[in-house]
Amino acid sequence: MTIPVALITGITGQDGSYLAELLIAKGYVVHGLVRRSSTTARARLDLLFRDKDIYDKQLFLHYADLDDITTIRRILKKTQPDELYHLAGQSHVGASFEIPESTCEFTAMGTLRLLEIVRDLDKQPRFMHTSSSEIFGSPDELPQNEQTPMRPVTPYGVAKVFATQMTRLYRESFGLFACNAICYNHESPRRGESFVTRKITRAAAAIAVGRQDKLRMGSLGARRDWGSAPEYVEAMWRMLQHDTPDDYVLATGVAHSVEEFLSAAFAAVGLNWKDHYEADPRFMRPAEVSRLVGDPGHAQRQLGWKAETDLAGLVAQMVKHDVASLQASASERP
Ligand SMILES: C[C@H]1O[C@H](OP(=O)(O)OP(=O)(O)OC[C@H]2O[C@@H](n3cnc4c(=O)[nH]c(N)nc43)[C@H](O)[C@@H]2O)[C@@H](O)[C@@H](O)C1=O
């Protein structure tokens with residue numbers, strides 16, 4: 001039996017770590033591209049795999065930045081993956097207003113460069129690009145599906161539109177097996193600390209144990225369709241196992257406000273968020289998407305995939321994790 005080989009860009013991120021775990025459990029050999037500078041970000045992977053004798057047997061990490069075409073081409077030629085999961089990019093929407101150029105460089109051009117390399121390979125891997133609900137920006141219809149017109153309102157959204165359309169174009173014009181996973185927000189205890197959900201659950205835990213008093217945040221009115229990250233990477237894998245390539249909205253189909261998330265997280269540790277919240281203009285954005293909710297029907301029909309975790313379940317998992325890790329670090333203190 002041949003062992004399937006996958007390559008993941010962005011393997012050190014939240015989704016990358018869950019996807020690596022999933023593929024390794026399925027018996028894949030997994031190669032990951034790692035930025036030379038992201039030594040600390042590797043902590044997620046080290047925590048998962050360091051003691052499990054996986055490195056150099058099933059998991060191989062390679063240094064390569066997304067603008068380093070020759071290195072990526074060399075790695076792809078050497079590793080000959082069957083599947084290429086493209087997760088890397090500047091993923092913070094708020095930051096994209098501060099650094100629009102590098103956001104486009106990595107998120108938009110980085111995807112095009114990868115597609116170009118794949119197009120030239122003799123053995124072309126199946127390709128999955130992690131697109132985003134931000135492509136819809138300010139949509140006319142609700143919920144959004146794969147046919148909803150793209151109307152991005154943030155530099156990040158514009159970059160994702162470019163990458164999404166290029167992925168479609170390489171599928172339709174050059175015959176690549178290329179798919180877009182149009183992901184709505186997906187969270188977990190491994191979510192980066194600057195995204196709103198994790199910022200809230202970490203603060204709720206820290207305030208509950210007396211290590212923090214205030215939580216400074218931006219607007220609470222925005223609504224998001226929040227799902228659970230491990231479920232979304234399962235859908236990504238299913239996309240590349242399907243007979244034909246296509247684009248899929250991955251979402252729960254239900255939206256909640258930031259205030260609802262905040263309220264649920266603080267309630268989970270017996271606190272009232274109103275006693276600790278402080279509005280901070282530094283976290284307000286020049287433009288907000290507010291009507292994003294996805295229709296995951298296509299993924300359900302074609303891939304048999306459905307988001308299972310609701311907001312209450314997600315909040316409970318994240319708060320529990322953050323409380324436990326604070327307690328563990330407190331007990332380690334001399
Ligand atoms: C689908 C999409 O999902 C993510 O992008 P995002 O939705 O912008 O996620 P977020 O957690 O940064 O913000 C959610 C909402 O929360 C509001 N908000 C209020 N106060 C703070 C605050 O203090 N920090 C942050 N970060 N947000 C705040 C903020 O203004 C926004 O309305 C990325 O994975 C992205 O890569 C992606 O593709």
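Bear in mind the structure is a predicted one, so any value in this text is a computation, not a measurement. One-based numbering, in listed order, for ligands and for the atoms of each. What's counted below: heavy atoms across the whole structure, side chains too, no hydrogens, waters or symmetry copies.
More than 12 heavy atoms of other residues, nucleotides or ligands lie within 6.0 Å of CD in E308, so this atom counts as buried by the packing criterion. Other residues, nucleotides and ligands contribute over 12 non-hydrogen atoms within 6.0 Å of the NZ atom of K123. Other residues, nucleotides and ligands contribute over 12 non-hydrogen atoms within 6.0 Å of the NZ atom of K26.
When hydrogens are left out, the protein atom nearest atom 13 (O) of ligand 1 is R285 NH2, 3.4 Å; that is the closest non-hydrogen contact. Ranking protein heavy atoms by distance to atom 38 (O) of ligand 1, first place goes to S132 OG, 2.7 Å. G218 N, 2.8 Å is the protein heavy atom nearest to atom 20 (N) of ligand 1. At the shortest separation from atom 23 (O) of ligand 1 among protein heavy atoms lies K199 NZ, 2.7 Å. With hydrogens left out, the protein atom closest to atom 19 (C) of ligand 1 is S219 O, 3.1 Å, a heavy atom. Nearest protein heavy-atom neighbour of atom 29 (C) of ligand 1: E288 OE2, 3.4 Å. Nearest protein neighbour of atom 14 (C) of ligand 1, counting heavy atoms only, is V196 CG1, 3.7 Å. Protein heavy atom nearest atom 31 (C) of ligand 1, with residue, atom name and distance: R224 NH2, 3.2 Å.
For H31, the ring-ring contact (aromatic ring centres under 6.0 Å, His included) test picks out F60, H62, with sequence neighbours left out. Scored by the ring-ring contact (aromatic ring centres under 6.0 Å, His included) test, H92 finds F195 as partners (sequence neighbours excluded).
In this pair, H186 and Y232 present their aromatic rings parallel. The plane angle is below 30°, not in the 30 to 60° band.
In this structure, R126 contributes its side chain and L240 its backbone to a donor-acceptor pair below 3.5 Å.
Within the 4.0 Å heavy-atom cutoff, G94 does not count among the residues contacting ligand 1. In this structure, R191 is part of the shell of residues with a heavy atom less than 4.0 angstrom from ligand 1. At least one heavy atom of H92 lies less than 4.0 angstrom from ligand 1.
Interface of S91 with ligand 1, defined as ligand atoms under 4.0 Å from a residue heavy atom, comprises 33 (C), 35 (C), 36 (O). Taking a cut-off of under 4.0 Å to the non-hydrogen atoms of A222, the atoms of ligand 1 that pass are 32 (O). Counting the atoms of ligand 1 from 1 in the order shown, those under 4.0 Å from a heavy atom of F195 are 11 (O), 12 (O), 26 (N), 33 (C), 34 (O). The atoms of ligand 1 that sit less than 4.0 Å from any heavy atom of C183 are 1 (C). Counting the atoms of ligand 1 from 1 in the order shown, those under 4.0 Å from a heavy atom of V93 are 5 (O), 8 (O), 35 (C). Residue contact check: M217 has heavy atoms under 4.0 Å from atoms 20 (N), 23 (O) of ligand 1. Residue S133 has at least one heavy-atom neighbour below 4.0 Å for each of these atoms of ligand 1: 1 (C).
Between the choices N185, T130, I135, T107, the shortest heavy-atom distance to atom 3 (O) of ligand 1 belongs to N185.
Between S194 and ligand 1, at least one pair of N/O atoms sits closer than 3.5 Å. Some N or O of Y156 is nearer than 3.5 Å to an N or O of ligand 1, by distance alone.
Taking the six-membered ring wherever Trp is involved, the centroid distance between the rings of F261 and W273 does not fall below 6.0 Å.
Here the rule is side chain to side chain donor-acceptor pair (under 3.5 Å) with S131, and of D247, N180, T164 only T164 fits it.
For the pair Q241/E83, a side-chain contact is recorded, criterion being any heavy-atom separation below 4.5 Å from C-beta on. L59 is listed as a side-chain neighbour of I11, based on a closest heavy-atom distance under 4.5 Å.
The cationic atom of K274 (NZ for Lys, CZ for Arg) does not lie both less than 6.0 Å from the six-membered ring centre of F266 and within 45° of the ring axis.
Scanning all heavy atoms of the two residues, the minimum distance from E234 to W305 falls at CG-CD1, 4.4 Å.
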